[in-house]
Every structure is written in structure tokens, then in C-alpha cells.
Amino acid sequence: MNLTAPIFHDNDAAREHLESIRWADGVYCPHCGNTDGETIHKLAGKSTRPGLFQCNACREHFTVTVGTVMERSKIPLSKWVLGFHLYASSKKGMSAHQLHRMLGVTYKTAWFMAHRIREAMKEDVASSGPLGGEGKIVEADETYFGPKDTIKKRTIRGKPFNSSKRSIVALVERGGKVRSFHVERATKASVRDVLVRNADRKSTLMTDESNFYPITGLEFADHATVKHIGGEYVRYEADRVVHTNTIENVFSVFKRGMVGVYQHCGEAHLHRYLAEFDFRYNRRAALGVTDRERADDLIRGTSGKRLMYA
């Protein structure tokens, strides 16, 4: 997308852009849910702020930002729209420092925006259903990233053991979507919980030789493993290829982004960074999704996700 487009520099154009995406099927009231266009009116008085509507059903006023991560923000809408585009189009993310330089806002404002943009990227797992299905393959794996807030054990070289790092469990449907989760501790029970909640049991499960999976694998249509400890990373069988390279690639992009772009991430916010990388992977160019479509999906995801900090 052309970064000189009016929606990135003109607040009125940015507002119209947001309205065209959020209200593609017509204006509705975020307070009472009223969708009757006859009872919703746009106010156009001289002292009325731009983009203000009134719902005659509940007598409340609202704009396109009400009920979104942008509600009550003093940040110009054009900067919000540009922020959405930058996060949706960057392969490995964008730091708050880079955002503050590009938008011309303070670092504190950029950090505020970045976390709300990540909140908008969070997938509604309940409505999207499980990964995989009959005849499909779901790869599962766990990884360990960054030290926990309290490091209990270190190696001889002073690096944290896996037990002292943050545990991440992820599933990916081969050729489809990914879901990543930060768990307090990777165990058979916590890994099983992630699997049965997010993967269709009619799927074929593919994992490495970790002892987290053999028992849970029996709950799926089939379970195949590769033995990394023996140097095996792919195995060709008559009707399938057994590997976990897809999920390993997901982890690779995530870690390169976290180390090369973000560098510092508090454990309390790790789930939002995982949501950010999942969002981009699930709308990657290989699936035919453009930067514009990805940014529009992000704007749609802002609804109903106000993020309040105490």
C-alpha cells in the first residue's frame, strides 16, 4: 500500500476508512446493538465533533472508535490506521521505538498503541473452531524462550535451564493456521489440555519423540513421530511425509522477531506477542492474503477488545 495515501495523513479520510471496514454492513450502535438505520442518525452540528452518531433506541452517542482498542484515545486516527498497516505488513514485527520514530509520537504513546494493536490481533478461538480435521495433519511442539521472571536453575555457562525459561506450546495445521500458547510449565497435562481444546481429534498428530505426546496421541486418529535425538527430521512413508518442520519454522520466525526486533519482553505480555506472530502467519502471503487485506482484518479485530491497564 502507498504510505502517502490520505488515510495515513488525514484524520477525516482515516475515519471514513475505519467506518467502511467496521460498518461494512451498515452502522450499528455499540452500546445496545441496534442495527436499525432509521433510528441511528449522524450529528452534524457546528459544535459536534466529526463522526458522531446518536442512537435513538438507547439515546447514546458513539463514533467508530467506541467499543474498540482506540476508544477514548487522544491519538489521531490517521496514526492509528498507519500503525495497523505497519504491524500487519511487517514480517517479524515492529518495535515500539521504531513505531514512535515513524509515527512521530512519544515512545510511551507508541508502546500504548503497540499493545492495543496486539490485543486486536488475538484470535477468537471459540468462534473459529479447532485446527485440523479428518484427513488433515496437525503438528505440535513446545519451545522455551527467555528467562522466567525468577530464574531457579542455570547451566555451568550461566544460561537458564529450560525449566527456568518461559514455556510455549504451539499447534499448526499443515497448510493452514497456527495457535501458540504460553503455559506456566510444559507438562503432559498442560500439553494435553492445549491439544484437546484446539485440535480436532479426527486429525493425524505429528510430533517429535517428547514424552509429552504418546498417551495424548492415542486420542487422535493417528500419531506419528520423528526422532530428532537420532538425527531424523523427516521420514517418507507411502501415503505421507512425517515431520515437524512446519511448526519448527513457526518458532524460527517468532524467535528471530523476538531477538532481533523486540529484544525485551516481560512474561506478562508474552501471550500478546504470540498472538501477533500467529495473526501474521494465519494471513501470510502464501495463502493469498495481501498487506491491505491483513490490515483490514486487523481493523475488524479491534471491535470489542478494549484493553485497560490498572
Side-chain angles (χ1 to χ4, degrees), residues 91-92 121-126 128-145 162 165-258 270-271 273-289:
K91 175 68 174 177
K92 299 182 182 70
M121 289 176 162
K122 185 170 63 176
E123 181 182 4
D124 184 357
V125 174
S128 56
L131 299 176
E134 188 172 359
K136 295 183 178 179
I137 295 173
V138 173
E139 298 178 22
D141 200 4
E142 73 287 342
T143 191
Y144 303 89
F145 175 78
N162 280 350
K165 293 182 179 181
R166 302 163 189 170
S167 304
I168 298 169
V169 179
L171 317 174
V172 63
E173 180 182 319
R174 196 173 288 180
K177 295 186 175 184
V178 67
R179 289 182 190 170
S180 306
F181 303 89
H182 169 40
V183 295
E184 181 64 27
R185 186 173 172 226
T187 63
K188 289 181 181 179
S190 63
V191 170
R192 178 190 178 278
D193 184 65
V194 170
L195 280 168
V196 299
R197 287 176 180 272
N198 295 277
D200 191 314
R201 300 195 199 194
K202 296 178 182 178
S203 311
T204 294
L205 182 65
M206 290 194 180
T207 68
D208 58 20
E209 70 276 26
S210 170
N211 62 4
F212 292 151
Y213 303 104
I215 296 177
T216 303
L218 297 174
E219 300 182 47
F220 289 81
D222 193 11
H223 178 207
T225 63
V226 287
K227 296 182 179 179
H228 290 167
I229 196 170
E232 180 186 50
Y233 291 92
V234 60
R235 183 172 69 254
Y236 295 93
E237 298 182 351
D239 57 344
R240 64 185 182 184
V241 181
V242 181
H243 65 75
T244 58
N245 294 341
T246 313
I247 193 64
E248 295 287 355
N249 288 339
V250 170
F251 287 149
S252 176
V253 173
F254 168 74
K255 289 186 176 181
R256 273 182 258 163
M258 295 301 291
L270 179 57
H271 67 286
Y273 287 87
L274 290 170
E276 175 187 346
F277 282 86
D278 284 357
F279 175 89
R280 281 193 292 266
Y281 181 88
N282 293 341
R283 294 161 181 80
R284 58 195 182 277
L287 296 179
V289 182

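Quick caveat: nothing in here was measured; it's all calculated off a predicted structure.
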Is a side-chain N or O of Asp193 found less than 3.5 angstrom from the main chain of Ala189, in a donor-acceptor match?
no

Arg197, CZ: over 12 other non-hydrogen atoms inside 6.0 angstrom:
no

Identify the heavy atoms of Lys188 and Phe212 that sit nearest to each other, and give their distance.
N-CD2, 3.8 Å

Check for a donor-acceptor pair, side chain of Ser167 on one end and backbone N or O of Tyr144 on the other, with a separation under 3.5 Å.
no

Test your reading of the model: is there a side-chain donor-acceptor pair from Asp141 to the backbone of Ala170, 3.5 Å cut-off?
no

For Lys227, does its backbone N or O pair with a side-chain atom of Glu232 as donor and acceptor, under 3.5 Å?
yes

Shortest non-hydrogen pair, Gly133 vs Ser203, comes out as N-OG, 2.8 Å

Is the count of non-hydrogen atoms from other residues, nucleotides or ligands lying under 6.0 Å from Glu184 atom CD greater than 12?
no

Spacing of Glu248 atom CD and Glu139 atom CD [to the nearest 0.5 Å]
8.5 Å

More than 12 heavy atoms of other groups within 6.0 Å of Ile215 CD1:
no

Taking side-chain contact (heavy atoms from CB on, under 4.5 Å) as the definition, give me every residue that meets it alongside Ala140, ordered by chain and number, with sequence neighbours left out.
Leu171, Leu195, Leu205, Thr207, Tyr213

Heavy-atom closest pair, residues Leu287 and Gly175
CD2-O, 4.0 Å

I need the minimum non-hydrogen distance between Phe277 and Gly257, along with the two atoms involved.
CZ-CA, 3.9 Å

Under a 3.5 Å distance rule, please check whether Ser128 uses its side chain to pair with a backbone N or O of Asp124 as donor and acceptor.
yes

Can you classify the ring geometry of Tyr233 versus His228 as parallel (below 30°), tilted (30 to 60°) or perpendicular (above 60°)?
parallel

Do Arg280 and Lys92 come within less than 4.5 Å of each other through their side chains, counting heavy atoms only?
no

Is the shortest side-chain heavy-atom distance between Met206 and Val242 below 4.5 Å?
yes

Is Tyr281 close to Val172 at the side-chain level, that is, under 4.5 Å between some pair of heavy atoms?
yes

If we only count heavy atoms from C-beta on, is the Asn282 to Val178 side-chain gap below 4.5 Å?
yes

Any donor and acceptor pair, going by atom type alone, linking the side chain of Arg235 with main-chain N or O of Thr225 inside 3.5 Å?
yes

Minimum heavy-atom separation for Glu209 to Ile229, with atom names?
OE2-N, 2.9 Å

Within the 4.5 Å heavy-atom criterion, are Phe181 and Leu274 side-chain neighbours or not?
no

Determine whether Lys255 and Thr143 make a side-chain contact, defined as any pair of heavy atoms from C-beta on separated by less than 4.5 Å.
yes

Would you compute the distance between atom NZ of Lys136 and atom CD of Glu173 and round it to the nearest 0.5 angstrom?
4.5 Å

Mind checking the CD1-CG spacing from Ile137 to Leu131? Nearest 0.5 Å is all I need.
13.5 Å

Side-chain heavy-atom pair His243, Arg174 within 4.5 angstrom cut-off
yes

Exercise: identify the closest heavy-atom pair between Asn198 and Arg179:
OD1-NH1, 3.1 Å

Around Leu218, counting heavy atoms of other residues, nucleotides and ligands shown, do more than 12 lie under 6.0 Å from its CG?
yes

Taking side chain as C-beta onward, heavy atoms only, is Ile247 less than 4.5 Å from Val250?
yes

Starting at CD of Glu134, measure out to OG1 of Thr204 and round the result to the nearest 0.5 Å.
10.0 Å

Between the main-chain N or O of Ala186 and the side-chain N or O of Glu142, is there a donor-acceptor pair closer than 3.5 Å?
no

Test salt bridge (Lys or Arg N to Asp or Glu O under 4.0 Å) applied to Arg192 - qualifying residues, sequence neighbours left out:
Glu219

Between Thr244 and Asp208 (side chain of the first, backbone of the second, donor and acceptor by atom type, cut-off under 3.5 Å), is there such a pair?
no

